[in-house]
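Here the structure is laid out as structure tokens; the discussion comes afterwards.
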Amino acid sequence: MDSSDSKRPNCLFQAQQQKVRAATSNVLTKFNQRVIQEMKEAFTMIDQNRDGFIDANDLKEMFSSLGSTPDDKTLKEMLAEAPGPLNFTMFLSLFSDKL
């Protein structure tokens, strides 16, 4: 393996980080304060373990509390819509694209 091969994973990571930053830049300016507060409440309800990120376990628990049991594949597909870890800013960004 030459030295350029060892740099590729770092370049891929940096490209992914840039994509995440671009997706979340200025997302807070797209909503008024009332909507942001409502979205924060929704995020907090989904973030069952209160770690600041929504993961498959959080989604599974949330759906279970609503009487539904989606399979792991469905949960992973839902999370794959986010270009990075699903924190509150990314959550807002995803919804700003859908609204």
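Here CD of E41 is found 7.0 Å from CD of E38. Values are rounded to the nearest 0.5 Å. Between the CG atom of D71 and the CD atom of E77 there is a distance of 7.5 Å, given to the nearest 0.5 Å.
Residues P70 and M78 have side chains not in contact (no heavy-atom distance under 4.5 Å, counting atoms from C-beta outward). With a 4.5 Å cut-off on side-chain heavy atoms, M62 and Q48 count as touching. The closest side-chain heavy-atom distance from F91 to I54 is below 4.5 Å. Side chains of Q33 and Q37 form no contact here, defined as non-hydrogen atoms less than 4.5 Å apart. Residues L86 and D58 have side chains not in contact (no heavy-atom distance under 4.5 Å, counting atoms from C-beta outward). Inter-residue side-chain proximity for M39 and V35 is flagged as met; some heavy-atom pair is nearer than 4.5 Å.
The two atoms that bring P85 and M90 nearest to each other are O-CB, 3.6 Å, heavy atoms only. For the residue pair D47 and F53, the shortest heavy atom distance occurs at OD1-O, 2.9 Å.
Between the side chain of S64 and the backbone N or O of E61 there is no donor-acceptor pair closer than 3.5 Å.
For the side-chain contact (heavy atoms from CB on, under 4.5 Å) test, residues two or more places apart in sequence or in another chain that qualify with D72 are K60, L75. Every residue meeting the side-chain contact (heavy atoms from CB on, under 4.5 Å) condition with T44, not counting sequence neighbours, appears here in chain and number order: K40, R50.
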side-chain contact (heavy atoms from CB on, under 4.5 Å) between T89 and F43: does it pass, once the steps are laid out? CA-CA 10 Å; T89 305; F43 180 87; over 6 Å; no

Can L59 and L79 be said to form a side-chain contact (heavy atoms from CB on, under 4.5 Å), step by step? CA-CA 9 Å; L59 290 175; L79 291 170; 3.8 Å; yes

